[in-house]
Protein chains: 2
Amino acid sequence: MANFDHRLNLAFAALADPTRRAIVARLCSGDATVGELARPFEIGLPTLLKHIRVLESGGLVSSEKSGRVRTCSLTPGALLGADDWLRAHIATWESRLDRLEAHLARKKKDVT
Amino acid sequence: MANFDHRLNLAFAALADPTRRAIVARLCSGDATVGELARPFEIGLPTLLKHIRVLESGGLVSSEKSGRVRTCSLTPGALLGADDWLRAHIATWESRLDRLEAHLARKKKDVT
DNA sequence: ATCAAAGTTTGCCATATGGCGAACTAATTC
DNA sequence: GAATTAGTTCGCCATATGGCAAACTTTGAT
């Protein structure tokens, strides 16, 4: 429970940065090396590496080094977890709206 | 574009804190005052107020003061925006998986 | 008029974040 | 084996975050 919480903390925090979201977006369409990930952005390798570590600690990305090249891939679990949280709460909100609407409709009927 | 990005930054950042997620969860089932929101948590009012400001700047919550009471309500737009981003990228990931699978299936057929 | 209630502002702290350049390591390539 | 490439680590910085206590400001109640 506090565990899920913590995973969500890290996942949402990881997604709160545009560079990291771009990395996730890039990895959605296929694995990439650190260098390939760095190229489109105007940031240094050390900084990008930090981002990757943040993404890894958030469970969004995993990477493995073979030779001198590190290849990163998307781990969809955390994305799904974050999405689950959002959808559950959006659903709660909407069902509450529905009840409210029904309530108003009933009231209107009473008055009319 | 950079605008959407910024909104997403703030929304995801707002969701990266468990106290704030709990506030959002609470507000899903109805409006609440600052005091009501603070009660379940073991944090001071000033801290809670900061959280509310973060949620407001992320577009997740809006609040209005009448008399000496400030009432907070959920603004679902930012939740939906974050959810849209997640779902779009999950979809991209899955369609890529599908293509990969199809590719493998084709290959297997060729070999067999 | 006074007192209590509900926020709010103001400082203050410790920690974390995103960025950099410089130096270092380990694998290829020539 | 020398040079290059691809990461990596190491300080260092400025800013932001989450927390608190204390003082202040309205409003509402008596």
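All values reported here derive from a predicted model rather than from experimental measurement. The sequence lines fix the lettering, A, B, ..., with proteins before strands; numbering per chain opens at 1.
- At the phosphate of D:dG18, neither OP1 nor OP2 sits under 4.0 Å from any side-chain N or O atom of B:Thr47.
- For the pair A:Arg87 and B:Arg87, the minimum side-chain heavy-atom distance is below 4.5 Å.
- Atom CG of B:Leu48 and atom P of C:dT9 are 14 Å apart (whole Å).
- For the pair B:Leu79/B:Leu15, a side-chain contact is recorded, criterion being any heavy-atom separation below 4.5 Å from C-beta on.
- Between A:Glu36 and A:Arg26, the closest side-chain pair of non-hydrogen atoms falls below 4.5 Å.
- Taking 3.5 Å as the limit, the base of D:dG7 and the side chain of A:Lys65 contain no donor-acceptor pair of atoms between them.
- Between the CD1 atom of A:Ile52 and the P atom of C:dG19 there is a distance of 13 Å, rounded to whole Å.
- The side chain of B:Arg53 places no N or O atom within less than 4.0 Å of a non-bridging phosphate oxygen (OP1 or OP2) of C:dG7.
- As a whole-Å value, the separation of A:Ile43 CD1 from C:dT17 C1' is 13 Å.
- Atom CG in B:Leu15 sits roughly 14 Å away from atom P in D:dT17 (whole-Å rounding).
- Remark: B:Arg20 is in phosphate contact with D:dG18, judged by side-chain N or O atoms under 4.0 Å from OP1 or OP2.
- Put simply, the side chain of B:Arg68 and the base of D:dT26 share no donor and acceptor less than 3.5 Å apart.
- Side-chain contact check for A:Thr71 versus A:Ser66: every heavy-atom pair is 4.5 Å or farther apart.
- Side-chain proximity of B:Val34 to C:dT9, C:dG7, D:dT8: nearest is C:dG7.
- Looking at heavy-atom distances under 4.0 Å, B:Glu42 makes contact with sugar-phosphate atoms alone, never a base.
- Atom pair A:Leu49:CG and C:dG21:P shows a separation of 16 Å (rounding to whole Å applied).
- One atom, CZ of B:Arg39, and another, P of C:dG7, lie 9 Å apart when rounded to the nearest Å.
- Residue B:His51 places at least one side-chain N or O closer than 4.0 Å to OP1 or OP2 of D:dG19.
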